[in-house]
Amino acid sequence: MAAAMKPNIFDRKKQKNILFVASEAAPFARVGGLGSVMYSLPRALRDIGHDARIFIPRYLCVDPELYQLTNKVKGLRVPTNHKSSEKDIICNIKKFDGDKKDGPVTAYFLENQEYYEQRANVYEYSDDHIRFALLSRGALEFIRQQNEWTPDIIVASDWMTGLLPNYLKTVYKNDPKLSGIATVFSIHNLAFQGMFDHRFVQEMDYDDGHSAIPEFSDERLKKLNSMRRGIMYADMINTVSPTYAKEIMTEEMGEGLHNLLLERRAVVSGILNGIDHDKWDPTNDPAVAHPFSAKKLGARAKNKSALQSHFGLPEKKDAFLMGVVSRLDHQKGLDMLTSITETLLHELPIQLVVVGEGDRGIMSYFKELEEKFPQQVATHLKFDNILPHKVFAGADVVLVPSKFEPCGLIQMEAMRYGAIPVVRKTGGLADSVDNFNPEKNTGTGFVFERPDPHSLLVTTIRAYETFRHKKVWQKLQERAMNKDLSWERSAEQYDKLFTKALQLYSRKQKPTIKHDEMG
């Protein structure tokens, strides 16, 4: 009888064990886009046959009873790089048994009263450098000290877990279990690199990434560039859109790390984030007063009237209703919008709805604009989970003129509801929105290149003129609504990425890095 064939670890059809280590993950603890990705991407990978799990801290907001957490490990000792084991930090691991169909995937929680349980927020503490170094090393110690499940790949995300690949390739390089795990470092926003402003670093504080990671209580730990170290030590680097992957290798967008990324460009990739098509579905969204679809766009006009009524604006079906759903800051390009808004309001039959919070100056501007143009402008200047659904279902366009945008979800969510995006050609905006071509009658939105108010003005007028041609506009809406922006599409690309990471790791094609040995 012939010997059984050994399964190929690199076969894309073979189940992979994938652990995402991150600072946040919905529904347990979500602050921004990272938390959303850590909910949706592991689920999408599970749906195509992989065992994807997450590992995050158990913050105060994570209720053990609500999520029915069970005790997995008690008294986990996490070394702090101190020569005495008495300085180890003692943690527990709790486990959430993932829903096999609709809910979150299996999740592990690093529990420590001092660093996590007593904290009301996820970020913005003076000891965040310790909290996230503990998360990175705690995840590795957990894997090392239990035998139930071992990942083939660990995905570390942003600076908060940038030390994880560093630890793995130095402290644990000879560990019989951990040394067989490949790593992917995922960059969601290169602008944040650690507990300091990387644009203003004194020469003596510069971290080139080669030195040993200091002991947790050492002030030098606060000065480490964890983003740099994640890029240096991971087997592969991924960003949240193909265009952003290219942009960060330029001096203009590279935030001081462009040369390092260029050195490692052979293992840098970009995969566009997706959205949950079930959550963002105008046919059965409870926030949408009048359900509709790409095949039944007639009902959408009722949602426009409902949106106008909700914000106290005149219910004019021919008004060009523009929406802004955003964190209100300069990165989002809103200073470009504030430069041209009054001109648009004076010259065209435009209405503007603004939902979001952020920079006080920008918030004040829109509030004053609302008082000056009460028949055309309405605002809701605080965070809201429900209103974006209503805006997307009723607005004609959604403005996303970002100066840079690693991925962006607003434009994708808007397209699902037939709200046509007006975006700048950068990052994920460039990858998800196809510029309207009137000659070929193609495209899903309106795209401009230069980050200046005049380009935004011309593009907004172009959108308005197209809006006046109802049949053309309807076809544009249909194309936008039918575009595949699902996580299922992204998951297939991540599957290929993980296969490549395993192949690279097996061939020992890892970065050659000089470093001090660490205990």
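As the structure is a computational prediction, the values presented were derived from the model and not from experiment.
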J.: Students often mix this up, so state it plainly: with edges at 30° and 60°, are the rings of Y67 and F96 parallel, tilted or perpendicular?
T.: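 Taking F96 first and then Y67, their aromatic rings stand perpendicular (interplane angle over 60°).
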J.: For the residue pair F467 and F320, categorise the inter-ring angle as parallel (less than 30°), tilted (30 to 60°) or perpendicular (more than 60°).
T.: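 F467 vs F320 ring planes: tilted.
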J.: Check the pair E24 / Y123 against side chain to side chain donor-acceptor pair (under 3.5 Å), numbers first and verdict last.
T.: CA-CA 10 Å; E24 58 178 281; Y123 306 116; 2.5 Å; yes
J.: Could you go through the side chain to side chain donor-acceptor pair (under 3.5 Å) check for T426 and E405 one step at a time?
T.: CA-CA 6 Å; T426 183; E405 194 68 63; over 6 Å; no
J.: Kindly list each side-chain donor-acceptor pair under 3.5 angstrom involving residues 184-191, sequence neighbours excluded, with atom names and distances?
T.:
from, atom 1, to, atom 2, distance (Å)
S186, OG, H188, NE2, 3.3
N189, OD1, A191, N, 3.0

J.: A quick test of your reading: do over 12 heavy atoms of other residues, nucleotides or ligands sit less than 6.0 Å from CZ of R360?
T.: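 Not more than 12 within 6.0 Å, no.
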J.: If we only count heavy atoms from C-beta on, is the L110 to R58 side-chain gap below 4.5 Å?
T.: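 The answer is no; the side chains never approach within 4.5 Å.
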J.: Would you give the length of the straight line joining atom OG of S269 to atom CG of L497, rounded to the nearest 0.5 angstrom?
T.: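 Atom-to-atom, S269:OG and L497:CG are 4.5 Å apart.
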J.: List the atom of D285, the atom of H389, and the distance in Å for their closest heavy-atom pair.
T.: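 Looks like OD2-ND1, 2.6 Å.
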J.: Should S241 and N273 be marked as a side-chain contact (heavy atoms from CB on, under 4.5 Å) after you check the CA-CA gap, both sets of side-chain angles, and the distance that decides it?
T.: CA-CA 7 Å; S241 72; N273 281 344; over 6 Å; no
J.: Measuring from atom OH of Y167 to atom OG1 of T161, what distance do you get when rounded to the nearest 0.5 angstrom?
T.: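 It comes to 12.5 Å.
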J.: Got more than 12 heavy atoms from elsewhere within 6.0 Å of NZ, K246?
T.: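 No, NZ of K246 has 12 or fewer neighbouring heavy atoms, counting only those of other groups under 6.0 Å.
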J.: Here's one to test your reading of the geometry: is the NZ or CZ of R131 within 45 degrees of the ring axis of Y116 and under 6.0 Å from its centre?
T.: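 No - R131 does not lie over the ring of Y116 by the 6.0 Å and 45° rule.
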J.: Answer yes when E449 and K425 have at least one side-chain N-carboxylate O distance shorter than 4.0 Å, and no when they do not.
T.: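 Looking at K425 together with E449, the answer is yes, because their closest N to O distance falls below 4.0 Å.
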J.: Ring of W487, cation from R43 - is the NZ or CZ under 6.0 Å from the centre and inside 45° of the axis?
T.: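 Geometry flag: not set, cation outside 6.0 Å or 45°.
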J.: Could you tell me whether E111 and K94 make a salt bridge, using a distance below 4.0 angstrom between a side-chain N and a carboxylate O?
T.: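 The answer is yes: the pair qualifies as a salt bridge.
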J.: Check the pair F142 / Y108 against ring pair (Phe, Tyr, Trp, His ring centres under 6.0 Å), numbers first and verdict last.
T.: CA-CA 10 Å; F142 166 64; Y108 300 103; 4.8 Å; yes
J.: Could you measure the distance from the NZ atom of K500 to the CG atom of D235? Nearest 0.5 Å is fine.
T.: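 So the gap between those two atoms works out to 12.0 Å.
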J.: Does D127 come within less than 4.0 Å of R119, counting only side-chain N to carboxylate O?
T.: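 Yes, charged N to carboxylate O under 4.0 Å.
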J.: How about D63 and Q68: do any of their side-chain heavy atoms sit closer than 4.5 Å?
T.: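 No, too far: nothing below the 4.5 Å cut-off.
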J.: Look at the rings of F28 and F109 and say which category their plane angle falls in: under 30° parallel, 30 to 60° tilted, over 60° perpendicular.
T.: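 Because their plane-to-plane angle is over 60°, the rings of F28 and F109 count as perpendicular.
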J.: Got a sec: does the OH of Y365 have more than 12 other heavy atoms crowding it under 6.0 Å?
T.: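 Correct, the count exceeds 12.
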J.: Going by heavy atoms in the side chains, are I181 and I143 under 4.5 Å from each other?
T.: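 A side-chain contact under 4.5 Å exists here.
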J.: Does the Q351 side chain pair with the main chain of V377, one donor and one acceptor, at a distance under 3.5 Å?
T.: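 No, because the side chain of Q351 does not come within donor-acceptor range (under 3.5 Å) of the backbone of V377.
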J.: State whether K222 and D128 are salt-bridged, where the test is any N-O pair (Lys NZ or Arg NE/NH1/NH2 against Asp/Glu carboxylate O) under 4.0 Å.
T.: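 Here K222 does not pair with D128 in a salt bridge, since their nearest N and O are not under 4.0 Å apart.
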J.: Going by an N to O cut-off under 4.0 Å, is there a salt bridge joining R199 and E255?
T.: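 Here R199 pairs with E255 in a salt bridge, since their nearest N and O are under 4.0 Å apart.
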J.: Does R489, at its CZ atom, have more than 12 non-hydrogen atoms belonging to other residues, nucleotides or ligands within less than 6.0 Å?
T.: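 Enclosed: over 12 neighbouring heavy atoms sit under 6.0 Å from CZ of R489.
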J.: How about E117: does its CD atom have over 12 heavy atoms from other parts shown lying under 6.0 Å from it?
T.: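 Yes - once you tally the heavy atoms of other residues, nucleotides and ligands closer than 6.0 Å, there are more than 12.
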J.: How about D396 and K304: do any of their side-chain heavy atoms sit closer than 4.5 Å?
T.: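 When only atoms from C-beta onward are counted, K304 and D396 do touch, with a gap below 4.5 Å.
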J.: Do L502 and L504 come within less than 4.5 Å of each other through their side chains, counting heavy atoms only?
T.: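 No, too far: nothing below the 4.5 Å cut-off.
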J.: Is any NZ, NE, NH1 or NH2 atom of the basic residue among D384 and K382 found under 4.0 Å from an Asp or Glu carboxylate oxygen of the other?
T.: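 So D384 does not pair with K382 through a salt bridge.
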J.: Salt bridge (Lys or Arg N to Asp or Glu O under 4.0 Å) with D207: which of R228, R229, K223?
T.: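 Only one of R228, R229, K223 forms a salt bridge (Lys or Arg N to Asp or Glu O under 4.0 Å) with D207, namely R229.
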J.: Would you call D359-R327 a salt bridge at under 4.0 Å N-O?
T.: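 Salt bridge flag = no for R327 with D359.
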J.: With a 4.5 Å cut-off on side-chain heavy atoms, are T239 and P406 touching?
T.: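 A side-chain contact under 4.5 Å is absent here.
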J.: Do the side chains of N238 and V268 get nearer than 4.5 Å, heavy atoms only?
T.: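 No. Closest side-chain heavy atoms not under 4.5 Å.
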J.: For a ring pair (Phe, Tyr, Trp, His ring centres under 6.0 Å) check, start with the C-alpha distance between F20 and F55, then their side-chain angles and the critical distance, and finish with the verdict.
T.: CA-CA 6 Å; F20 291 85; F55 188 102; over 10 Å; no
J.: State the CD1-NE2 distance between I386 and H380, to the nearest 0.5 angstrom.
T.: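 These two atoms lie 10.5 Å from each other.
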J.: So, are R479 and D434 salt-bridged, with charged N and O less than 4.0 Å apart?
T.: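 A salt bridge is absent here (no side-chain N lies under 4.0 Å from a carboxylate O).
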J.: Assess the residue pair S486 and E488 against the criterion (side chain to side chain donor-acceptor pair (under 3.5 Å)); give the C-alpha distance rounded to whole Å, side-chain angles, the decisive distance to 0.1 Å, and a yes or no.
T.: CA-CA 5 Å; S486 68; E488 287 74 15; 3.3 Å; yes
J.: Using the side chain to side chain contact (heavy atoms under 4.5 Å, CB included) rule, pick out the option among R265, R264, M232 that qualifies with I237.
T.: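 Exactly one option meets the side chain to side chain contact (heavy atoms under 4.5 Å, CB included) with I237, and it is R264.
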J.: How many angstroms lie between atom CD1 of I89 and atom SG of C91, to the nearest 0.5 angstrom?
T.: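 If we round to the nearest 0.5 Å, I89:CD1 and C91:SG are 6.5 Å apart.
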J.: Is it true that D281 and K279 have a side-chain N and a carboxylate O under 4.0 angstrom from each other?
T.: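 Judged by the 4.0 Å cut-off on N to carboxylate O distance, D281 and K279 do not form a salt bridge.
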J.: Could you tell me which non-hydrogen atom of K332 sits nearest to which non-hydrogen atom of S326, and how far apart they are?
T.: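 In this case the closest contact between K332 and S326 is CG-OG, 3.4 Å.
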J.: Quick test of your reading of the model: are R416 and E413 salt-bridged, counting only N-O distances below 4.0 Å?
T.: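 Looking at R416 and E413, the cut-off is not met.
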J.: Given side chains that start at C-beta, do those of D51 and W149 come closer than 4.5 Å, heavy atoms only?
T.: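 Result yes, sub-4.5 Å side-chain heavy-atom pair found.
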